[in-house]
There are 2 protein chains.
Amino acid sequence: MRQTQSVRDRLLKANIKPSYHRVRVFEYLMATTAHPTAEDVFEELVKEIPTLSRTTVHNTLNLLVDAGLAHLVTIEAHQKRFDGTTARHGHFQCRQCGKVYDFLAPANGNDPPELEGFLIEDRELYFRGVCRDCQERETKKGGTDS
Amino acid sequence: MRQTQSVRDRLLKANIKPSYHRVRVFEYLMATTAHPTAEDVFEELVKEIPTLSRTTVHNTLNLLVDAGLAHLVTIEAHQKRFDGTTARHGHFQCRQCGKVYDFLAPANGNDPPELEGFLIEDRELYFRGVCRDCQERETKKGGTDS
DNA sequence: TTCTCTGCAAACGCTTTGCACGGAT
DNA sequence: ATCCGTGCAAAGCGTTTGCAGAGAA
């Protein structure tokens with residue numbers, strides 16, 4: 001419950017009233033590494049909060065992103081994914097299984113010279129390809145594709 | 001017109017029949033640095049090809065991306081942007097004016113160790129913040145926000 | 001003739017908006 | 001009594017799909 005307390009404080013600092021729903025959404029987001037979509041968050045939380053609505057989840061997630069408390073992951077074009085981690089890191093999405101992996105961003109702090117004078121607030125590194133599991137699956141199958 | 005020729009060749013190599021529409025879409029994509037959306041491409045090309053339809057533009061852009069001839073830029077969640085450049089580079093989007101800037105990716109060839117064994121086919125670097133122009137605009141205004 | 005590119009219109013999926021209810025202060 | 005978080009339903013927006021017509025080989 002003390003985590004809840006710190007969550008409340010962080011919301012308060014961001015001028016977001018820490019209602020029960022908002023606290024739960026924020027907690028869930030920080031606890032998971034699955035880069036959930038708004039729908040994912042809703043489906044998980046509605047189990048324990050049956051009256052929860054999608055609108056509230058959307059509202060809350062947008063509030064969190066606007067306040068800088070959550071990250072927007074746009075590695076897929078048709079939907080928003082959210083990330084409660086504020087640490088700088090990247091995402092890899094496998095084009096076969098669709099899974100999104102986290103990785104720590106390489107520690108090359110230097111930003112490109114073209115962006116001198118730009119205020120950089122957010123850095124996202126997106127890699128796409130085929131994950132190890134899917135490659136092994138391919139290898140096992142060999143040329144069995146007829 | 002010789003560029004058209006090379007465009008045709010590249011399409012042919014990718015097993016895409018170089019129809020007139022497809023050639024024009026691909027040419028346009030390679031000529032611009034504006035990271036157009038499908039709608040942008042449509043609105044530009046429909047001026048010279050009045051019978052062009054959005055469906056064809058979408059189809060063609062998806063073909064190009066699947067063939068690796070174009071890049072999908074998902075820096076915004078609600079729409080797809082396309083990029084005809086195959087060179088490794090990054091994008092910066094200003095949260096005030098919405099403009100997307102290109103920059104050459106920093107030459108940090110080393111990929112994160114967590115992704116060892118992963119087949120990395122595509123690397124995208126997305127920065128968000130406030131561009132120089134918008135910062136200057138803010139500075140000029142000072143506290144004039146009423 | 002056959003193949004497939006094209007285009008219209010409708011369907012689709014996710015997000016946002018409008019509005020009214022209800023709890024908290 | 002006022003404020004504002006909440007939830008339902010509908011609208012919105014860009015993308016995809018189904019199907020029929022036209023053009024190329």
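Basis for what follows: all heavy atoms, side chains included, without hydrogens, waters or symmetry-related copies. Proteins get letters first, then strands, A, B, ... in listed order; numbering begins at 1 in each.
Legend: ring-ring contact (aromatic ring centres under 6.0 Å, His included) pairs involving residues 6-30 of chain A, not counting sequence neighbours: none detected. For residues 30-58 of chain A, the set of pairs meeting the ring-ring contact (aromatic ring centres under 6.0 Å, His included) definition, not counting sequence neighbours, comprises A:His35-A:His91.
Between the P atom of D:dT15 and the NE2 atom of B:His78 lies a distance of 9 Å, rounded to the nearest Å. Across the protein-nucleic acid pair, B:Gln79 atom CD and C:dT16 atom C1' stand 15 Å apart, rounded to whole Å. To the nearest angstrom, C1' of D:dC13 lies 13 Å from CD of B:Glu76. The NZ atom of B:Lys80 sits 17 Å away from the C1' atom of C:dT15 (whole-angstrom rounding). Atom pair B:Ile49:CD1 and C:dG7:C1' shows a separation of 13 Å (rounding to whole Å applied). Between the P atom of D:dC4 and the CD1 atom of A:Ile16 lies a distance of 14 Å, rounded to the nearest Å. Regarding A:Leu52, its CG atom lies at a distance of 17 Å from the P atom of C:dG23, rounded to whole Å. The separation between A:Lys17 atom NZ and C:dA24 atom P is 12 Å, rounded to whole Å.
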Legend entry - Letter per nucleotide, 5' to 3', of nucleotides 19-25 of chain D [B base touched, S only sugar-phosphate touched, - untouched; heavy atoms, 4.0 Å]: -------

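Inspection of the B:Asp40 and B:Thr37 side chains reveals an N or O donor paired with an N or O acceptor under 3.5 Å.
Minimum atom distance to the side chain of A:Thr51 is reached by D:dG7, of the listed D:dG7, C:dT16, C:dT6.
Cluster annotation: A:Val65 is connected to A:Leu11 through the hydrophobic network of ILVMFWY side chains, with a link wherever side-chain heavy atoms come within less than 4.5 Å. Both B:Leu69 and B:Phe82 belong to a common hydrophobic cluster when Ile, Leu, Val, Met, Phe, Trp and Tyr are linked at side-chain heavy-atom distances under 4.5 angstrom.
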Inset, instruction - Might you work through the side-chain contact (heavy atoms from CB on, under 4.5 Å) test for A:Val46 and A:Glu44, ending with a clear yes or no? - result: CA-CA 6 Å; A:Val46 78; A:Glu44 188 59 35; over 6 Å; no

Inset, instruction - Start with the C-alpha gap between A:His78 and B:His78, add the side-chain angles, then the distance that decides, and say whether side-chain contact (heavy atoms from CB on, under 4.5 Å) holds. - result: CA-CA 6 Å; A:His78 62 294; B:His78 62 295; over 6 Å; no

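Of the possible donor and acceptor atoms, none in the side chain of B:Arg81 sits under 3.5 Å from a partner among the backbone N and O of B:Leu72.
Contact check on B:Arg24 versus B:Glu48 returns a salt bridge, with a Lys/Arg side-chain nitrogen under 4.0 Å from an Asp/Glu carboxylate oxygen.
Residues meeting the ring pair (Phe, Tyr, Trp, His ring centres under 6.0 Å) test with A:Phe118, sequence neighbours left out: B:Phe92, B:Tyr101.
Contacts between residues 54-70 of chain B and DNA chain C, defined by a heavy-atom separation under 4.0 Å, are made by B:Thr55, B:Thr56. Annotation: proximity of residues 36-45 of chain B to DNA chain C (heavy atom, distance under 4.0 Å) is found for no residue.
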